[in-house]
Structures are given as structure tokens and as C-alpha cells.
Amino acid sequence: MVSFPGQTYGGSSFIEFLRADYPDLLPSLAGYDWSQVQIPHGTTVLSLVYADGALMAGDRLATEGYQVATRDIEKVYKIDETCTMAIAGAAGPAIEMMRIFRVELEMWQKLEGHDLTFEGKANRLSFLIRQNLPAAMQGMVVMPLFAGFDHEKDRGRIYKFDVTGGRYGETDYYATGSGGKDARSSLKKSFRDQLARDEAVDAAVEALIDAADEDRGTGGIDMRRHIYPTVKLITSAGVEDISDDEIIAAYDRVSKQRKAA
Amino acid sequence: MSAPFYVSPEQQTQDKAEFARKGIARGKPIVAFDFQDGVIMMAENRSGSLRKLGEIYDRIAFAGVGKFDEYENLRKQGVRYADLRGYQFSRDDVSASSLATEYSAALGHQFSQPYAKPIEVELLVCEVGHERNAYFQVQFDGSVRDRTSYVAIGGDFEKLEAGLKEDWKDGLSLQEAVSMGRKALTRALNGSGTLEAEALEVVLLDRRREGRKFRRLNTSEIQEIVQA
């Protein structure tokens, strides 16, 4: 068989390919005491299932200890046409994990000629998180959330993870990061089965406002700098970005309702 | 121990080339050419799962004729090569010319190995650009040809290219492009039947698409175009 220099691996997984032929390209952050340095951390991300699929949202603040690291960091990423990943915890390794995950799914699709199943995608992310366990034990914790549209089951689905790569399906909603608990409390009140699109966006924006109210690390809506939370919808048609104007409209609706109460 | 028979390098190379050409000529041809939205590639292929045309990266597609296992293996290596480069550098740093060079090196190396079987494939690497598209034709011995506008590879390619030369013009619509490709591939059948939609594999590199430009037309889409 003819082979390219630097390719002994013959399978369809990008992660396995790197491991076999380019181990130096795999992130390895183990073996350092990460409590000695400050790196940017993402704060609150949330996801919920609604009538047409799933919604994924996050605020835009990254913190370094007690300082603001970035005011407009992106924490919600489209991975492919069916799924998104949101990051909380150490931002640098989480973004790198997201990049590898993207290539992993794309390469599989191109080599095998079809998509991985939703379950299969979640499993690959589990695997990546497990790879990070030694670094997590030294303080470099990555806490992603995974949500998308499962075409086989014909509905939106959410997975949360623990540091060991443990994978848990959520049927309704979940939020993680420093303001995750506050966002969850908010979603607990607003969540119903089969929310419509606008209701789902309102619930997400309200939960992020609640989280920003209670948690110092979570960014609110910054009208002066025009920085708004990210909200993405994943439906059978693909991944859709909610525009800033729609977020502002949702914010207005939520504020009005609260004033009236 | 008896000494092996002496065979001159010229003779060896000629024998190998003849062997490879025979294998490739048995393969069904592939055509690729510019149309108004980018690049279109077409092949006669009755299998829905064993493909001759494939996606490599954002702007790059691949076609192979000859032995399936050999070009499929080369396609997969190309995908790994492109994905690795895109991850290591950036998505814009992956180009068809560097991939064609890589294919050329791999095939050339194999061809020059004294006791190795030459590869019985011919490849086409296409890239859609903003203004100009690129076509690299890589042959079994590693030689590369840089082509423009239209190209055919595989059995009877000379006849096909003569036909393409007559029919091809700038700014073909998708429908015109599909019917032109179908006409060319039908000509290669030498009068033994026509090609219905189920027998065609059609892929596009559509520059209007965001990110990954590759699109495979499904049978019903092809049917619609052919019947229109």
C-alpha cells in the first residue's frame, strides 16, 4: 500500500491518529501545579430542550481569579450541523478540546461517508474529557456541556459530564459553571415541556440574568459595549445563531414581566 | 544461489507503466469542469456506497479511477493529511497544490520501488477558488498535470476530453453542466446504452456555500435535473 510520510494510522478517528503519529500535537497539561497560575475561566453556560430541538446559551465573561480576563469570550461553539458544545472552567484547554472534537467528527464523516450517531459523538467528547483527567486533578478542570438534535430519535438532547468523562443525559435542562446553580434554579421555574422557540429564548436569557445577579463571575447584558449572551438553537434544519436584536427583545420581555410582578 | 535475470531499467519502467495503464483503462471515466457556481465532478457509478468522488476539505474534492481499494486508501490519506494541516495551522492553509504534491511523492515513490506492484489508479484533485478553479491530475508514476476549465480521467479519456472541448463554455448553469457531463459519460459507453440518474454520481464544490463547499447531489436531485 502507498502511504504518506507520517501516516501509519489507518482508521477514522482524528484523536487516535494524533495519538499514533503525532503525539506531540495532543494537549498534555498534566504534571504541573495549576494552582500557582491564573488562567481565564469561563463561567455560566446552560442548555435546555424545547419543542423544535435544543438550545445552548452562555454569558460572555471570562475571569482570572478576581479579575476580568475577557468581556466578550465565546463559550458556545457549533461543532457540526447537528450539535454544539459549551465550555465552562479553564477556557484555554476547553477551546483546544473543542477544536479537536470538531476535527474528530468532521474526519469521521468524510472517511466513513456518514455522520456518527448522537450517542457516538457524546462518547468521543467523553473520551477527550477523560484524557484531561490528570490535569484536572491538578486544577485544570474543563466542564463542557453538549447539546444537539438527535436525528434518529428526532428530538433535542443534552449531555453533561464530570471530570472523569462520566456522561449523563439530561431530558429537560442543565447549567454549569460558576453561576450554573443560579441558572438552574431559574430554569427550574421557567421550564415546561415543549416550549416554543421564543419561550425557550426568554427562559435562557432570564436564567443568565439570574446567574449574573447572584454570581460575580457571570457577565450580564452589557448595553454600553454591546456585548450580549450567546444563544444557539439546534433543530433538524441545523444550528441557528440568535441575533443580538432577538436577545435584546427577550431581555425586554423578561424585564417587563418582572416589573409587572 | 543463482543470479536473477538482468532486466534493463528502461524495460522495467516500460513494463510497469504498461501494467498500470491497462488497469486504469479498465476503470470507468470521470469528468470534472467549471460551472457557474464552482466545480462539478461526475462519474458513472451504480453503487450508492462505494464512491469514486469524495470530499477532502473546505474547498477541495477528490476523484479516483482504477482499483477501488487503492484510490480509496489514497483518498483517506488525503483527508487525514488535510485535517491534520488544518488543525495544526489554519483552515485556509490547506491547499490542493500541496495535497497534489503529496500524492505525487507517494505514487512516484511506489512506482520507483524495484519489486513493488505499481499503483493502478489515476487521481484528480480539484479546488474551487473565488475566481479560478484548480485541477491537478496525478498519474500512477507520480507525474502531475495542472489542468484548467475541464478534465477527464480514466478509460477513453481522450475521446471524452475532445467532447468536453466542444461542449464546454464559461458560466454553465447546474442543469447545463449535469446534462453536458452526462452526454460526455454516455459517449464513453460507445453506444451501449444511456446513463439514467441512478447510474450517475455527481458532486459539487459550490463557492456560494459557507465553510465546507462540498455537496453531493442525491439521486432524486439528479433525477429532477435530468428530467427537466
Side-chain angles (χ1 to χ4, degrees), chain A residues 1-28 77-84 92-93 95-116 124 128 131 151 232 237-241, chain B residues 47-51 53-58 60-62 64 67 69-91 94 98-99 101-113 116-121 123 138 140 142 210-212 214 216:
Chain A
M1 273 292 182
V2 180
S3 72
F4 281 18
Q7 263 193 46
T8 61
Y9 177 73
S12 302
S13 161
F14 184 63
I15 302 165
E16 302 297 328
F17 173 36
L18 289 185
R19 207 164 24 180
D21 291 327
Y22 297 87
D24 292 350
L25 291 184
L26 278 171
S28 68
Y77 294 93
K78 173 181 170 179
I79 301 298
D80 64 17
E81 291 305 321
T82 69
C83 62
T84 58
I95 290 170
E96 206 50 37
M97 192 179 278
M98 178 276 295
R99 287 186 64 219
I100 293 183
F101 187 41
R102 258 186 195 161
V103 184
E104 174 79 4
L105 300 192
E106 181 183 330
M107 189 161 120
W108 173 279
Q109 191 204 41
K110 288 189 289 197
L111 292 185
E112 298 288 321
H114 57 85
D115 242 359
L116 266 172
R124 292 320 287 163
L128 278 170
Q131 294 298 297
H151 283 265
K232 289 190 199 302
V239 179
E240 181 196 350
D241 288 316
Chain B
S47 165
S49 47
L50 304 177
R51 276 136 181 190
L53 314 173
E55 176 183 12
I56 296 276
Y57 210 65
D58 290 357
I60 307 170
F62 171 99
K67 280 193 81 194
D69 67 316
E70 290 181 346
Y71 65 70
E72 178 67 359
N73 171 51
L74 286 162
R75 179 185 73 87
K76 289 186 166 178
Q77 301 208 31
V79 169
R80 285 186 211 106
Y81 169 82
D83 277 339
L84 178 72
R85 263 181 99 97
Y87 172 71
Q88 212 173 355
F89 305 106
S90 89
R91 292 198 79 99
V94 181
S98 71
L99 179 64
T101 313
E102 204 72 16
Y103 277 134
S104 160
L107 289 175
H109 177 76
Q110 177 78 4
F111 190 76
S112 65
Q113 293 296 302
K117 180 191 89 65
I119 292 291
E120 296 162 77
V121 295
L123 311 178
V138 188
F140 58 85
E210 279 290 307
R212 290 160 73 180
F214 183 89
R216 186 178 290 284

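None of the values given here were measured: they were computed from a predicted structure. The sequence lines fix the lettering, A, B, ..., with proteins before strands; numbering per chain opens at 1.
Interface residue Gln110(B): only side-chain heavy atoms are found under 4.5 Å from chain A. Contacts between Tyr103(B) and chain A at a heavy-atom distance below 4.5 Å involve backbone atoms as well as side-chain atoms. Residue Arg51(B) touches chain A through its side chain alone, counting heavy-atom pairs closer than 4.5 Å. For a residue to count as touching a neighbouring chain, one of its non-hydrogen atoms must lie under 4.5 Å from one of that chain's; by this rule Asn73(B) touches chain A with the side chain only.
For the residue pair Ala106(B) and Ser3(A), the shortest heavy atom distance occurs at CB-O, 4.3 Å. Of all non-hydrogen atoms in Val2(A) and Gln77(B), the two that sit nearest each other are O-NE2, 2.7 Å. Looking at every heavy atom in both residues, Arg75(B) comes nearest to Leu111(A) through NH2-O, 3.2 Å. Residues Leu25(A) and Tyr87(B) come closest through the heavy atom pair O-OH, 3.7 Å. Pairing each heavy atom of Ile56(B) with each of Lys110(A), the nearest pair is O-NZ, 2.8 Å.
With contacts defined as side-chain heavy-atom distances shorter than 4.5 Å, the pair Lys76(B)/Met107(A) does not qualify. For the pair Glu106(A)/Tyr57(B), a side-chain contact is recorded, criterion being any heavy-atom separation below 4.5 Å from C-beta on.
Listed by sequence position, Phe14(A), Phe17(A), Leu18(A) are the residues of residues 13-21 of chain A in contact with chain B, using a 4.5 angstrom heavy-atom cutoff. Taking non-hydrogen atoms and a 4.5 Å limit, the residue list of residues 5-12 of chain A in contact with chain B, ordered by number, reads Pro5(A), Gln7(A), Tyr9(A), Gly10(A), Gly11(A).
Arg80(B) places no side-chain N or O within 3.5 Å of a backbone atom of Phe4(A) that could act as its donor or acceptor partner.
Few gaps surround NE2 on His151(A); more than 12 heavy atoms of other groups in view lie less than 6.0 Å from it.
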